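Since the structure comes first, as C-alpha cells, the remarks are kept for the end.
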Number of protein chains: 2
Amino acid sequence: MKGIRQLAENLDISIGTVSRALNGKPDVNEETRKRVLAAAEELGYVANQSGRSLRQGTTNAIGLMIESNKETVENSDNFFLGLTGGLQSVFSRHKLDLVMLPCPSDEDPYEYLKRMVARRVVDAMIISATQRIDRRIDLLVKAKIPFVALGRSSSGGNHPWIDLDFEGVAASAVARLVAKGHRKIAVAAPSSDINLGYIFVDAYRQALERHGMKYDPKLVIRVKSSEQGGYQAGHELLLLDSKPTAIILIYELMAIGLYRRLMEAGVVPGRDLAVIGFREEPRAKFLQPALTCFRMSLRDLGVELAETLLAAMPAYANFYPKGAHNTIWPLELVPGESDAFSLEP
Amino acid sequence: MKGIRQLAENLDISIGTVSRALNGKPDVNEETRKRVLAAAEELGYVANQSGRSLRQGTTNAIGLMIESNKETVENSDNFFLGLTGGLQSVFSRHKLDLVMLPCPSDEDPYEYLKRMVARRVVDAMIISATQRIDRRIDLLVKAKIPFVALGRSSSGGNHPWIDLDFEGVAASAVARLVAKGHRKIAVAAPSSDINLGYIFVDAYRQALERHGMKYDPKLVIRVKSSEQGGYQAGHELLLLDSKPTAIILIYELMAIGLYRRLMEAGVVPGRDLAVIGFREEPRAKFLQPALTCFRMSLRDLGVELAETLLAAMPAYANFYPKGAHNTIWPLELVPGESDAFSLEP
DNA sequence: TTGCCATAGGAAAACGTTTCCGGAAAGCAG
DNA sequence: CTGCTTTCCGGAAACGTTTTCCTATGGCAA
C-alpha cells in the first residue's frame, strides 16, 4: 500500500479526511489536522501529481515554452534564465511550479505546443518570440488554455501580452541623435516578417517624421539579429551612396559585428559614426567605445509576465482583479560613448 | 464525454481497443488500427498525460534541474540551452519529453528536488553543478529515481555521472606553458569546497610534479568564477612577491576581469603574462589578444548525458546495453594569442 | 462434425487522489 | 426530553488511461 492510503492507515483515519487535512479544507478538526501534517512530514509524503491532476483537472504547473533553435541558443543567452527568477517569485506564492518546455529544434513549434497542450501537462503557458501571424496563439485560444505572449501579434484577437516599448525606444534614440545634429540615421533590423522588424522600423519612421525628417527606405538595413548580422549591416552601410552619420541597432549583439566591420574600414564608432543599441546584452558589455543602449530588468519583466498570466486565469481572478490585459514594457537608456560626439559646430 | 471515451464512441469500438490501437499493441486488427489512428488525427486526440501516468506509473518526461541563482544566471550563459539540443535529439527518439525544472533561487535545491521527486512529475533526472558532498544524490539514490549527474561527487556511491576532463586540461595547459619556458605558473580557481576547485587544482599540482616542478600553494589564487573573480585574481597576482609568468583560469569569463586589471597595471596579456582559459565562453570571445582556451561541444555533451541516463534506466536497458557508467569528457585546445610568446631565448 | 487454436475485441479493474454526500455525535435552545 | 444546528469524519464516486482477463468468432485439422 502506498501514498495517501498508507498514511491514512498509519493514522487510522479515512483517506478522505487525510486529503482534506493536507489541503487545508475547513471540515477537519485542528487536532487531527496537526496529526496528519506531522505524519506526512514524518513519512515524507507528497501527493502524487498524476492522481491529483487527474482528479482536479489541474496540474499546478505553468509552462514556459522555449524555442531552442540554433539562433535562439546563440542569441537568447541567459534571457530565459533571467526571466525565471521573476516568474518564480510570483508563482511560488501560489504554490505553482514553473516548467520550461524546450521545443526540439527539429520539431515544428506549433506541433510541439499542440502536443503539450493536449497532454495537459501544464495549466497555462507563456510563449515568446511571437510572429505577426502566430498559429500558436490561435491554438491556445481555441484550446482555452490561459496564456500570455511575450511579443505582440495580430493573431488571436484580444489576448494577454506584454511587449517591449519599441515606439519609446525608437523615439528616444531618434530624438537623441537628432539633438546631436544627425540627419541621416540608419537602422539595422530583421525582416519585417518578424514582428520586431516590422514594428520597430515603423516606430522609427514615425519618430523621424515627428522631427520633420524624411523616411528613406535605403537607410533600413535588413539583417539577422546576430553578430554576423551586425557585420553584414556594417558592410552594407559602407556601401551606401550617401553615408549615414548614425545607426540604431535592434539588438545589441549586432554591435560586436558592426564594430568589427567598421574598424576594418577605418571607421571609428563614436567618432565617425554614432551607434545606439537596443537591448542590453552581456556579451557586448566590453566593447570600446562603450555602447549607448537601452536596458530592462529581466527579473521585473518576469514578474510582470507572471502576474499578467495569473490575471488571465479564472482561478486567480480574485488575486489579480485587473483581468487579462496588455503591457508595453519600458526600457531605460544607458548612455555610453558610442554616440557621445555631436555634429553641431 | 471526452478523451478516449469520445473517440471510442465515434468509432463504435471499446476504449480498450482504441488504447491498444494507439499504443501499437499486437492484439488489434490492422484495419481497425488504421481507422483509430485516422480518427485520432482527425479529432486531434492525444492521451491525457495524467491518466496515463497514473495507470502506468511513468510520465515519459525527463527532468533537467536548473539552479537559477544569481550566479548561475550570470555565468551559465547559454549552457543549459546548449545542452538541450543534444538531450532532445536522443530523448525524442524514445518519445520522451524534456522538461527543465528551474529551482527558485530562494528555495533549497535539495528541498526543491525532493518535492519534484515526490510529485513524480518526471521519470528520471539530470542534475548538474554537483558538490563534493551532495545530498541530492543520496536523495535520488534512496528514492530509486534514475539520474545522471553532470559533475563528480563523492556522495551516493556508484552512480552515473559525466565530468569534464580537468586532469587532461590541467596537464595540457601546464605542458604547453612549460614547453614555452614558463616555470612559475599560477592558477585561478574557486574554493576547494566546490568540486571543480578541488579537482582542478589537484590535477594542476600533479601536472607540475610530472614536469619536475614544485607545487607552490601561493600560486593558487582562490576567487569566484566570474568576471569580478578574474579582476580579483589579477589584483592578487600583481601583489605576489615572485611574479608568475603565466596563469591558468578555470573559467574563461574570468579573463575579462583579469585583462582589465592587468591593463590598469600596464601588464600586457600575451606579452608580459601568458593566459590560458578553461571553458570557452562567448562573452570572452572578443578579447584582445585572443585567449587560448579549451572548448567542448555542448550539444555533444548533451547527447552523452542523455545516453548515460537512458543506460541507467531499466526500461531502456536493451537500447543502451552498456548500463550505468561514468565518462570523462575531453576538451579541445583552441590556441589563441594570449600565450603565444615564449620565454626561451 | 468435433475439437482446438489463433485472432480480435469487449468488460472491468486498477492507478492515487479529491470531493460530494450523508450520517454520527455533540452542543444548544426550547 | 425533543428538535435543530454544527462539527467532524467515513464511504464512495469520479477523473482518463492502460492492461488483464475473458469471450466470441472463424479457420483448420482430424
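Below, chain A is the first sequence line, B the second, and so on; all start at residue 1. Here the structure is a predicted model, which is why all the values come from computation and not from measurement.
Of the residues in residues 44-58 of chain B, those placing a heavy atom less than 4.0 Å from an atom of DNA chain C are B/Leu54, B/Arg55, in numerical order. Only B/Asp27, B/Val28, B/Asn29, B/Thr32, listed by number, bring a heavy atom of residues 25-33 of chain B to less than 4.0 angstrom from any atom of DNA chain C.
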B/Arg299 vs B/Ser89, side chain to side chain contact (heavy atoms under 4.5 Å, CB included): CA-CA, chis, key distance, verdict: CA-CA 9 Å; B/Arg299 186 170 218 288; B/Ser89 74; 4.0 Å; yes
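Shown here are the side chain to side chain donor-acceptor pair (under 3.5 Å) partners of B/Ser14, two or more places apart in sequence or in another chain: B/Thr17. Take A/Phe319 and apply the ring pair (Phe, Tyr, Trp, His ring centres under 6.0 Å) test, not counting sequence neighbours, and it matches A/His94. Residues meeting the side chain to side chain donor-acceptor pair (under 3.5 Å) test with B/Glu304, sequence neighbours left out: B/Thr327. For A/Glu111, the side-chain contact (heavy atoms from CB on, under 4.5 Å) test picks out A/Glu107, A/Asp108, A/Lys114, with sequence neighbours left out. When the side-chain contact (heavy atoms from CB on, under 4.5 Å) test is applied to B/Asp97, the partners found at least two apart in sequence or on another chain are A/Tyr112, A/Arg115, A/Met116, A/Arg119. Taking B/Ser128 as the reference, B/Phe80, B/Leu150 meet the side-chain contact (heavy atoms from CB on, under 4.5 Å) condition, with sequence neighbours excluded. Residues satisfying the side-chain contact (heavy atoms from CB on, under 4.5 Å) test with A/Asn10, not counting sequence neighbours, are A/Gln6, A/Leu43. Taking A/His325 as the reference, nothing meets the ring pair (Phe, Tyr, Trp, His ring centres under 6.0 Å) condition, with sequence neighbours excluded.
The closest side-chain donor-acceptor pair between A/Asp123 and A/Thr59 falls under 3.5 angstrom.
Backbone-only contact: A/Gly3 has heavy atoms under 4.0 Å from sugar-phosphate atoms and none from a base.
A salt bridge does not link B/Lys25 with B/Asp27: none of the charged nitrogens is closer than 4.0 Å to a carboxylate oxygen.
Rounded to whole angstrom, the span from the CG atom of B/Leu22 across to the P atom of D/dT18 amounts to 7 Å.
A donor-acceptor contact shorter than 3.5 Å links the side chain of A/Ser153 to the backbone of A/Gln131.
Counting heavy atoms from C-beta outward, A/Ile127 and A/Ile137 have side chains that approach closer than 4.5 Å.
In summary, contact between chain A and DNA chain C, defined as any nucleotide atom under 4.0 Å from a heavy atom of the protein, begins and ends at C/dG16 to C/dC20 in the 5' to 3' direction.
Judged by atom type and distance alone, B/Arg20 reaches the base of D/dT20 through a side-chain donor-acceptor pair under 3.5 Å.
Helix-axis bend for the helix from C/dT1-D/dA30 to C/dG30-D/dC1: the local axis fitted to the five terminal pairs at one end deviates from that at the other end by 50°, rounded to 10°.
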